[in-house]
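We number each residue from 1, following the sequence as shown. As the structure is a computational prediction, the values presented were derived from the model and not from experiment.
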Amino acid sequence: MGSAARPFAPLGTGSVRAGRPLRIAGLRLAQLGAALVACGLIASALLPREASWLAALAAVIVLGVPHGALDGAVAAPLLRPRYGRLWFGVFALPYLGLSALVLLAWQVTPLPTLAGFLALSVLHFGEEDAGPGRPVEAFLRGGLPIALPALLHPEATADIFAVVTRVPMAQLPAWWTAAAWLWLALAAIVVPFRLAAHPPRRTMLAELAGLAAAFWLLPPLTAFALYFVTLHGPRHMRALVRDPVRAPGIDTMGRAVLAALPIFGLTLGLGAALWPLYASGSADPTATLLTLTLQMLSALTVPHVLLDRIASRHAPPPPTFADPLHRPSR
C-alpha cells in the first residue's frame with residue numbers, strides 16, 4: 001500500500017543543511033588562519049624594532065585593509081538603482097576626495113588630525129565590535145586599543161606617532177594621556193555596575209582580557225595589528241556576509257575576499273603612487289611605510305565610517321535566523 005508519510009520540510013531546508021558543513025569548514029579554516037597570524041605577530045615582537053614594525057604593517061596592509069575594500073559592495077545596492085552604470089563613479093569620487101582631504105590635513109595640521117583620527121577610531125571600533133544598542137560595551141571596546149597603548153607603553157606609542165605626524169614627540173600629548181586615564185576611570189566606575197545588571201557574555205570577557213594582555217605584553221604597533229587583523233577586520237566581513245541587505249552579493253567569506261580584491265588593488269596602487277611623496281627627504285623606508293600606512297588608514301576610515309552610517313539608515317532591521325551560523329556575533 002502507501003509508504004509512511006515523511007515530515008514536511010520547509011522549502012530550501014535541504015540546501016541550507018547541505019551548506020552548513022561547508023560553512024563550518026570555512027569557519028574552522030578561518031579560525032586556524034587567524035591563530036597562525038596571531039602566532040606570527042606575537043613572535044615578531046621578539047625582532048628588532050624596525051623588523052617588528054614591518055611585520056605589523058605587512059599584516060595590517062595585507063589582512064586588515066581588505067575589509068574596508070568591501071565598501072564598494074555596500075555602496076552598490078544603494079547607488080546602482082538610481083545611477084545605473086555610473087554608480088561606481090558616484091561612489092568613488094567623493095570617497096577618494098574625502099580621503100584626499102584627510103591626507104592633506106595630516107600635512108597641514110598633524111596633531112589635530114591625530115586627535116580626530118583617535119576619536120573616530122574609538123567610535124568606529126566600539127560600534128563595530130559591540131554592535132547597536134550596547135553603549136557601555138562600545139565605550140569599553142572602542143577605547144581599549146586607543147587608551148591602553150598610552151597607559152602601558154607611552155614612550156613606544158610616542159615614538160610611533162612622532163614618525164606618523166613628523167612632529168618631535170618626546171612624550172605623548174597631554175590630551176591623549178588625560179583621555180586615556182579618563183577612559184580607565186570611567187571603565188572602572190561604570191562598567192562593574194552595568195555588568196552586574198546585565199551579565200556579560202563569556203566570549204566578550206575573554207576577548208577583552210586577551211586584548212588587554214596583548215597590549216600589556218606586546219609592543220603597541222604589534223598589539224594593534226593583532227587586534228585589527230584577527231578581530232576587527234574579520235568581524236566586519238562576517239557581519240556583511242550575514243546581512244542579506246547591505247551587501248546582497250556577499251554571502252560567504254570566500255566571495256567577500258574576492259569582492260574586496262579590486263578595490264584593495266586600487267588602494268595598493270594609490271599607496272605606491274604616494275610613496276615618492278612620502279619618501280622624499282626620508283632615509284628610513286620603514287618610517288616612510290609606517291607614516292604612509294597609518295595616514296592612509298585614517299584617510300580611508302573617514303569615508304568608511306560615513307558609508308556605514310548611510311547604509312545603516314537605509315537598511316531595514318536585520319532578520320533573525322534559526323541557523324546559529326547566521327546569528328550576528330555582536
Side-chain angles (χ1 to χ4, degrees), residues 26-70 117-118 121-122 124-126 128-129 141-164 203-238 253 256-257 260 264 267-268 271 284-298 300-301 329:
L27 179 62
R28 289 175 178 172
L29 185 62
Q31 290 172 340
L32 176 61
L36 292 175
V37 170
C39 290
L41 281 171
I42 292 170
S44 74
L46 301 175
L47 299 173
R49 190 188 73 167
E50 285 71 19
S52 176
W53 280 7
L54 283 174
L57 292 171
V60 168
I61 293 169
V62 176
L63 301 175
V65 171
H67 87 275
L70 286 172
F117 174 46
L118 295 175
S121 297
V122 171
H124 178 53
F125 293 156
E128 283 277 329
D129 294 347
R141 286 179 178 270
L144 189 148
I146 305 302
L148 286 190
L151 297 175
L152 298 174
H153 304 284
E155 294 82 6
T157 304
D159 288 344
I160 292 170
F161 285 96
V163 173
V164 174
T203 54
M204 184 198 82
L205 291 180
E207 181 180 313
L208 292 178
L211 278 177
F215 278 100
W216 177 34
L217 298 171
L218 299 175
L221 191 60
T222 303
F224 173 77
L226 185 66
Y227 159 72
F228 195 68
V229 306
T230 63
L231 290 175
H232 178 72
R235 179 173 283 136
H236 178 83
M237 296 180 79
R238 287 195 302 268
M253 288 295 285
V257 171
F264 176 55
T267 304
L268 293 181
D284 187 350
T286 302
T288 301
L289 183 63
L290 174 63
T291 304
L292 179 59
T293 300
L294 292 192
Q295 288 194 11
M296 281 197 67
L297 194 62
S298 72
L300 295 171
T301 298
S329 63

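Heavy-atom minimum distance, L297 versus T301: O-OG1, 2.6 Å. Smallest separation of non-hydrogen atoms from T267 and M296: O-CE, 3.9 Å. Across every non-hydrogen atom of P220 and H153, the tightest pair is CG-CB, 3.7 Å. A256 and L70 get closest at one heavy-atom pair: O-CD2, 3.2 Å. Taking every heavy atom of both residues into account, S121 and I146 meet most closely at CB-CD1, 3.9 Å. Closest approach of T291 and V163 over heavy atoms only: OG1-O, 3.0 Å.
Note: Y227 and F125 have perpendicular aromatic rings, judged against thresholds of 30 and 60 degrees for the angle between ring planes.
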Please tabulate, for side-chain N and O atoms in residues 45-65, each donor-acceptor pair with protein atoms closer than 3.5 Å (sequence neighbours left out).
residue: S52; atom: OG; partner: T222; partner atom: OG1; Å: 3.2

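From Q295, atom CD reaches atom CG of L290 across 9.5 Å, with rounding to the nearest 0.5 Å. Remark: H232 NE2 to R141 CZ distance equals 12.0 Å, nearest 0.5 Å. Residue T230 holds its OG1 atom at 9.0 Å from CZ of R235, rounded to the nearest 0.5 Å.
Judged purely by atom type and a 3.5 angstrom limit, T157 uses its side chain to pair as donor or acceptor with the backbone of P149.
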After noting the C-alpha distance and the side-chain angles of L211 and L148, does the key distance pass the side chain to side chain contact (heavy atoms under 4.5 Å, CB included) rule?
-> CA-CA 10 Å; L211 278 177; L148 286 190; over 6 Å; no
Hey, mind stepping through L294 and I160 against side chain to side chain contact (heavy atoms under 4.5 Å, CB included) and telling me if it holds?
-> CA-CA 10 Å; L294 292 192; I160 292 170; 4.2 Å; yes
